[in-house]
Amino acid sequence: MKIICKYVIPRFGLNRIDLPVGAQVLSVGVQGERFVFWAYANPQELHLPRNVALLLTGESIPEPLTHKDFVGTVSQLLHNTYFVCHVFID
């Protein structure tokens, strides 16, 4: 059964996050001081690693991701610094 699942993006740059096969990313956001995304997925499905990049404005998109993998932009004030970040998920 598919449900809406939340995933934390652990750090800036390129990350590998295990997601259920067929997961569809719905949106990105911030909760507290963590950057997160929500996906519609069946948590019982086989999980496979996916590339997830959290990039600051002005950074290059790391391979193997491309501009077509863009899922959203989030902004957050953290420790008196304002961050605008762009999320890419293959």
Side-chain angles (χ1 to χ4, degrees):
M1 177 170 132
K2 287 190 171 186
I3 62 172
I4 298 172
C5 305
K6 180 179 75 175
Y7 299 90
V8 174
I9 304 172
R11 63 186 176 279
F12 290 102
L14 186 61
N15 299 271
R16 298 281 283 170
I17 297 176
D18 290 340
L19 297 177
V21 170
Q24 297 172 295
V25 177
L26 301 172
S27 66
V28 297
V30 176
Q31 285 192 330
E33 293 188 353
R34 294 180 152 188
F35 292 93
V36 299
F37 66 93
W38 291 267
Y40 188 58
N42 180 347
Q44 303 304 317
E45 286 285 338
L46 172 70
H47 284 59
L48 294 176
R50 304 235 334 237
N51 293 301
V52 178
L54 179 64
L55 306 174
L56 296 169
T57 299
E59 289 189 293
S60 298
I61 302 169
E63 291 184 10
L65 297 170
T66 72
H67 68 282
K68 293 178 184 177
D69 298 311
F70 175 77
V71 294
T73 296
V74 293
S75 57
Q76 174 70 346
L77 179 64
L78 293 171
H79 310 292
N80 297 320
T81 303
Y82 192 70
F83 293 91
V84 177
C85 299
H86 313 280
V87 179
F88 297 79
I89 301 174
D90 69 0

Q: Can you check whether Phe12 and Phe83 have ring centres sitting under 6.0 Å from each other?
A: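 Between Phe83 and Phe12, which both carry aromatic rings, the centre distance is below 6.0 Å.
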Q: Would Val52 end up clustered with Tyr40 when hydrophobic side chains under 4.5 Å apart are linked, directly or stepwise?
A: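 No, Val52 and Tyr40 fall in different hydrophobic clusters.
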Q: Restricting to non-hydrogen atoms, name the atom on Ala23 and the atom on Ala39 that form the minimum distance, rounded to 0.1 Å.
A: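 Where Ala23 meets Ala39 most closely, the heavy atoms are CB-CB, 4.4 Å.
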Q: Could you give the distance from CD (Glu45) to CG (Leu19), rounded to the nearest 0.5 Å?
A: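 Those atoms lie 12.5 Å apart.
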Q: Mind running side chain to side chain contact (heavy atoms under 4.5 Å, CB included) on Cys85 and Phe35 for me, showing each step along the way?
A: CA-CA 9 Å; Cys85 299; Phe35 292 93; 3.9 Å; yes
Q: Please name the pair of heavy atoms, one in Ala53 and one in Leu65, separated by the smallest distance, quoted to 0.1 Å.
A: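 Shortest heavy-atom separation between Ala53 and Leu65 comes out as CB-CD1, 3.5 Å.
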Q: Check the hydrophobic clustering (I, L, V, M, F, W, Y; side-chain heavy atoms under 4.5 Å; chains of links allowed) and say if Ile4 and Val36 are grouped together.
A: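 Yes, because Ile4 and Val36 connect within a single hydrophobic cluster, where side-chain heavy atoms sit under 4.5 Å apart.
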Q: Is there a path from Trp38 to Ile17 through hydrophobic residues (I, L, V, M, F, W, Y) whose side chains come within less than 4.5 Å of each other?
A: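 No, separate clusters.
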Q: Just by distance, do the side chain of Ser60 and the backbone of Pro62 share a donor-acceptor pair under 3.5 Å?
A: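 Checked: no pair found.
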Q: Going through the checks in order, is the side chain to side chain contact (heavy atoms under 4.5 Å, CB included) test met by Val21 and Leu48?
A: CA-CA 7 Å; Val21 170; Leu48 294 176; 3.7 Å; yes
Q: Scan residues 43-74 for pairs that pass ring-ring contact (aromatic ring centres under 6.0 Å, His included), counting only residues two or more places apart or in two chains.
A: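 Found Phe70-Phe88.
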Q: Check this for me: Leu77, atom CG, are more than 12 non-hydrogen atoms of other residues, nucleotides or ligands nearer than 6.0 Å?
A: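 Counting other residues, nucleotides and ligands, CG of Leu77 exceeds 12 neighbours.
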Q: Are Val74 and Val25 linked, directly or through other ILVMFWY residues, by side chains that come within less than 4.5 angstrom of each other?
A: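 Same cluster: Val74 reaches Val25 through Ile, Leu, Val, Met, Phe, Trp or Tyr contacts under 4.5 Å.
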Q: Below 4.5 Å, heavy atoms only, C-beta onward: do Ile9 and Val87 meet side chain to side chain?
A: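 Heavy-atom side-chain distance check passes, below 4.5 Å.
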Q: Taking the side chain as every heavy atom from C-beta outward, state whether Lys6 and Gln31 have any atom pair closer than 4.5 Å.
A: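 Yes, at least one pair of side-chain atoms sits under 4.5 Å.
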Q: Kindly indicate whether the side chain of His79, heavy atoms from C-beta on, has any atom under 4.5 Å from the side chain of Glu33.
A: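 His79 vs Glu33: side chains touch.
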Q: Would you check if Ser75 and Tyr82 make a side-chain contact, meaning some heavy-atom pair closer than 4.5 Å?
A: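 The answer is yes, as the side chains (C-beta and beyond) meet within the 4.5 Å cut-off.
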Q: Could you tell me whether the side chain of Arg50 reaches within less than 4.5 Å of the side chain of Ile89, counting heavy atoms only?
A: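 Answer yes - side chains close enough.
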Q: Any chance you could lay out the side chain to side chain contact (heavy atoms under 4.5 Å, CB included) test for Ile3 and Met1, step after step, and finish with the verdict?
A: CA-CA 7 Å; Ile3 62 172; Met1 177 170 132; 4.1 Å; yes
Q: Kindly indicate whether the side chain of His86, heavy atoms from C-beta on, has any atom under 4.5 Å from the side chain of Thr57.
A: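 The answer is yes; the side chains approach within 4.5 Å.
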Q: Please test Asp90 against Thr66 for side chain to side chain contact (heavy atoms under 4.5 Å, CB included), starting from the C-alpha separation and ending with a verdict.
A: CA-CA 8 Å; Asp90 69 0; Thr66 72; over 6 Å; no
Q: Is the side chain of Glu59 donor-acceptor paired with the backbone N or O of Leu56 at a distance under 3.5 Å, no angle test?
A: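 Yes.
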Q: In the structure I gave you, are the side-chain heavy atoms of Ile61 and Leu55 within less than 4.5 Å of one another anywhere?
A: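 Result yes, sub-4.5 Å side-chain heavy-atom pair found.
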Q: Are side-chain heavy atoms of Leu54 and Val28 found at a separation under 4.5 Å?
A: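 Sidechains of Val28 and Leu54: no contact.
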Q: So which atom in Gly32 and which in Gln76 form the shortest heavy-atom distance, rounded to 0.1 Å?
A: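 In terms of heavy atoms, the two residues are closest at O-NE2, 2.8 Å.
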